[in-house]
Amino acid sequence: MHINPTSESFAAFRALPQDTPLHMLNLVRFRDWAAYEDRRKVTGAEAYAEYGRLSAPVLTRLGGSILWRGTFENTTIGPADEHWDAIFIAHYPSAAAFLEMLRDPAYQEAVTHRTAAVADSRLIRCGEAGSGAGFAG
């Protein structure tokens, strides 16, 4: 299970350029019941919705946005038992803006709901490479 970055993966993120736009592919699987320290009874989906509600103003203020959101239908290549409850691509004007979001007190409050909500996730940093007619660019 992957909920938060490891120190190694975060160091690798920070070693990449900080001044270029980036996209973050988010794949998220919710817990059936959120794992709050105070043991409140809300579903993982409800806790993640609270994370989204509280973090959205921070994302917007820093120039970020959600570029695409989709629903899981099938894993065509990959583990057959892998599924995702939330799939989206977030845009940040720079890695520095992403890091600023992580330091923001309002975001830090919001992320407690994400941590309670998530059973497993992937957060994949992607740089811009342009578009083209074929799969190879």
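None of these values were measured; they are calculated from a predicted model.
Grouped by direct or indirect side-chain proximity (heavy atoms under 4.5 Å, Ile/Leu/Val/Met/Phe/Trp/Tyr only), Leu54 sits alone.
A donor-acceptor pair is defined here as one N or O able to donate and one able to accept, closer than 3.5 Å; no such pair exists between the side chain of Ser55 and the backbone of Tyr107. At distances below 3.5 Å, not a single donor-acceptor pair connects side-chain atoms of Asn26 with backbone N or O atoms of Ile89. Judged purely by atom type and a 3.5 angstrom limit, Thr112 uses its side chain to pair as donor or acceptor with the backbone of Glu109. The main-chain N or O of Ile3 is found under 3.5 Å from a side-chain atom of Arg114 such that the two form a donor-acceptor pair. A donor-acceptor pair is defined here as one N or O able to donate and one able to accept, closer than 3.5 Å; such a pair exists between the side chain of Arg31 and the backbone of Val118.
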Exercise. Dump the intermediate steps for salt bridge (Lys or Arg N to Asp or Glu O under 4.0 Å) on Arg122 and Glu82, then the final yes or no.
Key: CA-CA 12 Å; Arg122 305 293 182 271; Glu82 198 169 75; 3.8 Å; yes

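Evaluation of the ring pair (Phe, Tyr, Trp, His ring centres under 6.0 Å) rule for Tyr36 yields His113 as partners, not counting sequence neighbours. The salt bridge (Lys or Arg N to Asp or Glu O under 4.0 Å) search around Glu50 returns Arg53, not counting sequence neighbours.
Classification of the His91-His23 ring pair by plane angle, with boundaries at 30° and 60°, yields tilted.
Residue Glu73 places its CD atom among 12 or fewer non-hydrogen atoms of other residues, nucleotides or ligands, all under 6.0 Å distant.
Shown here for Arg125 and Leu16, the closest heavy-atom pair between the two residues is NH1-CB, 3.5 Å.
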